[in-house]
Amino acid sequence: MRVLVTGGAGFIGSHLVERLLSDGHWVRVLDDLSGGRLENLDGVRNHPCLQVVIGDVRDLATLQAAMEGVEVVFHLAAVVGVPRVLADPLRTIRVNVEGTERVLEACAERGIPVCIASSSEVYGKGVRWPAAEEDDLRLGSPTVSRWAYAVSKLLDEHLAMSWARRGLRVSVVRYFNVYGPRVDPQGYGYVIARFMDQALRGEPLTVYGDGRQTRSFIYVSDAVEGTLRAGLLPAASGHIFNIGHPEEISILALAERIRVVTGRQVPIRFLSFSEVYGPGFEEAPRRVPDVSKARVLLGFEARVTLDEGLQRTWEWWRTCRRV
Ligand code: UDP
């Protein structure tokens, strides 16, 4: 197939591109390199079936040209990562909402199936855990910048569901803390990137708060598999899927795990949220997915264990990472 991946030079996007190429597809990447890096595509740069277009997904002429001849779209281009969102919530909302709106319209005009990347951040502070796709959501106040990202992604999801009701083949994937090689210290996989960076430099691992907040981490090749199934299987249309690993771990336990995996006996340093993010920051205290819908409808389950995934990420981090 001929596939368009927006955000294809980003962390998850570049892994998706590699996988699509190795599966025999022709791939066009559209990325403005605001968060992505061309280096992420180094391994496939000279592949005859890859075309890279540098541009903003919101620019209509750029998007129209990028859609030319395409049979399926994966829309991953977005402002992601807590630091970037806090630095510019307005840009976060604009890029994430306008971008998705334009991509959905372009796909609807041409009748092209599309998979929209969303985030577990939409669960916010959470109503119940593990969280399922049709559960209620609990977000903080708009006076707290952090929630701008969740709201932008939630609006993307509403746009997607509205277009689905009008007959567009569209699915949504909610990623739960994806990590792996090429993890972005400013964007996705922030905590793992930071801990590995600190371990490599022999500096203390900075645990925010008391470290008892939890997350579940999914290795990038698993996240790509779930994304492909959601984008390519007709049965996925009109649905939202949690793409996550069901193992829940506290951030303090993660720091300890990273000390073991890296073999660096660095100390752990606790920092309060206000020290790091300033006053009024709100944390998501827990986050773990109910994965049954993806298992039943997509036949998808994450396979890579946290230890295995951390090992592979560390291998890349200490040998290949370029700052
Ligand atoms: N975190 C931490 N130390 C760091 C970076 C992050 O303890 O140096 C924590 C953060 O407070 C959160 C978790 O790690 O509880 C995951 O943070 P990240 O920004 O990666 O993603 P989030 O799940 O919060 O969007």
Side-chain angles (χ1 to χ4, degrees), residues 12 80-82 85 116-142 144 146-158 160-161 171-180 188-192 195 207-220 222-223 225-227 229-230 236 239-258 270 272-273 277 281-310:
I12 304 174
V80 299
V82 176
V85 172
I116 304 286
S118 183
S119 167
S120 53
E121 180 83 3
V122 300
Y123 291 108
K125 303 174 191 184
V127 174
R128 63 159 190 167
W129 302 105
E133 292 84 343
E134 277 76 38
D135 283 355
D136 289 344
L137 308 169
R138 191 160 72 96
L139 300 177
S141 157
V144 178
R146 179 202 178 108
W147 304 116
Y149 176 67
V151 170
S152 74
K153 283 292 166 188
L154 200 51
L155 194 46
D156 287 354
E157 294 192 7
H158 269 292
M161 293 303 106
S171 61
V172 170
V173 286
R174 286 182 181 162
Y175 294 127
F176 280 70
N177 294 75
V178 185
Y179 73 103
Y188 247 105
Y190 175 61
V191 66
I192 288 180
F195 285 174
V207 168
Y208 299 167
D210 59 11
R212 278 163 47 188
Q213 70 272 32
T214 69
R215 295 291 185 272
S216 62
F217 295 90
I218 180 167
Y219 190 66
V220 66
D222 280 333
E225 178 66 36
T227 307
R229 289 181 189 222
H239 288 285
I240 298 169
F241 297 97
N242 286 342
I243 299 296
H245 197 294
E247 183 190 335
E248 185 177 10
I249 182 169
S250 75
I251 297 303
L252 182 56
L254 174 74
E256 279 155 6
R257 207 73 89 83
I258 286 191
F270 290 90
S272 70
F273 289 109
Y277 293 124
F281 176 81
E282 283 184 353
E283 168 67 326
R286 229 188 130 182
R287 194 183 286 163
V288 58
D290 180 328
V291 294
S292 42
K293 186 174 174 187
R295 188 168 53 225
V296 172
L297 280 186
L298 304 178
F300 167 72
E301 242 169 324
R303 306 222 167 271
V304 181
T305 64
L306 186 58
D307 281 336
E308 234 176 285
L310 288 177

Exercise for review: Take Arg128 and Asp135 through the test side-chain contact (heavy atoms from CB on, under 4.5 Å) and record every step on the way to the result.
Suggested key: CA-CA 8 Å; Arg128 63 159 190 167; Asp135 283 355; 2.9 Å; yes
Check your understanding: After noting the C-alpha distance and the side-chain angles of Asp156 and Ser118, does the key distance pass the side-chain contact (heavy atoms from CB on, under 4.5 Å) rule?
Key -> CA-CA 8 Å; Asp156 287 354; Ser118 183; 5.9 Å; no
Exercise for review: Apply side chain to side chain donor-acceptor pair (under 3.5 Å) to the pair Asp307 and Thr305, showing each step before the final yes or no.
Suggested key: CA-CA 5 Å; Asp307 281 336; Thr305 64; 5.8 Å; no
Review point. Does the side-chain contact (heavy atoms from CB on, under 4.5 Å) test come out yes or no for Arg146 and Phe281, once each step is laid out?
Key: CA-CA 7 Å; Arg146 179 202 178 108; Phe281 176 81; 3.1 Å; yes
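The CZ atom of Arg286 sits 8.0 Å away from the CH2 atom of Trp129 when rounded to the nearest 0.5 Å. Note that CD1 of Ile116 and OG1 of Thr227 are 12.0 Å apart. Values are rounded to the nearest 0.5 Å.
Proximity of a side-chain donor or acceptor of Ser216 to a complementary backbone N or O of Pro246 within less than 3.5 Å is not detected. With hydrogens and angles disregarded, a donor-acceptor distance shorter than 3.5 Å links the side chain of Lys293 to the backbone of Ile240. The backbone N or O of Gly211 sits less than 3.5 Å from a side-chain atom of Gln213, completing a donor-acceptor pair. Between the side chain of Ser171 and the backbone N or O of Ala230, at least one donor-acceptor pair lies under 3.5 Å.
Looking at Arg287 and Tyr123, their side chains never come closer than 4.5 Å, going by heavy atoms from C-beta outward. Looking only at side-chain heavy atoms (C-beta outward), Lys125 and Trp147 come within less than 4.5 Å of each other. Considering only heavy atoms from C-beta on, Thr214 stays 4.5 Å or farther from Val288 through its side chain. At least one side-chain heavy atom of Phe195 sits under 4.5 Å from a side-chain heavy atom of Ile251. Contact of the Arg174 side chain with the Lys153 side chain is not registered, since no non-hydrogen atoms from C-beta on lie closer than 4.5 Å.
Under the 30°/60° scheme for interplanar angles, the aromatic rings of His239 and Phe241 are found to be tilted. Between Tyr190 and Tyr208, the ring planes are tilted. Angles from 30° to 60° get that label.
Comment: Glu121 does not engage Arg215 in a salt bridge, judged by the lack of any side-chain N to carboxylate O separation of less than 4.0 angstrom.
Between Ile243 and Ala223, the shortest heavy-atom contact is CG2-CA, 3.8 Å. The shortest non-hydrogen separation linking Leu298 to Arg229 is O-NH1, 3.0 Å. Closest of all the heavy-atom pairs between Gly244 and Ala302 is O-CB, 4.0 Å. Of all heavy-atom pairs between Leu310 and Tyr179, the closest is N-CE1, 3.7 Å. Closest approach of Val151 to Leu139, counting heavy atoms only: CG2-CD1, 3.8 Å. Between Glu133 and Asn242, the closest heavy-atom pair is OE2-N, 2.7 Å.
In this structure, Arg257 forms no cation-pi arrangement with Phe217, as its terminal cationic atom is not both closer than 6.0 Å to the ring centre and no more than 45° off the ring axis.
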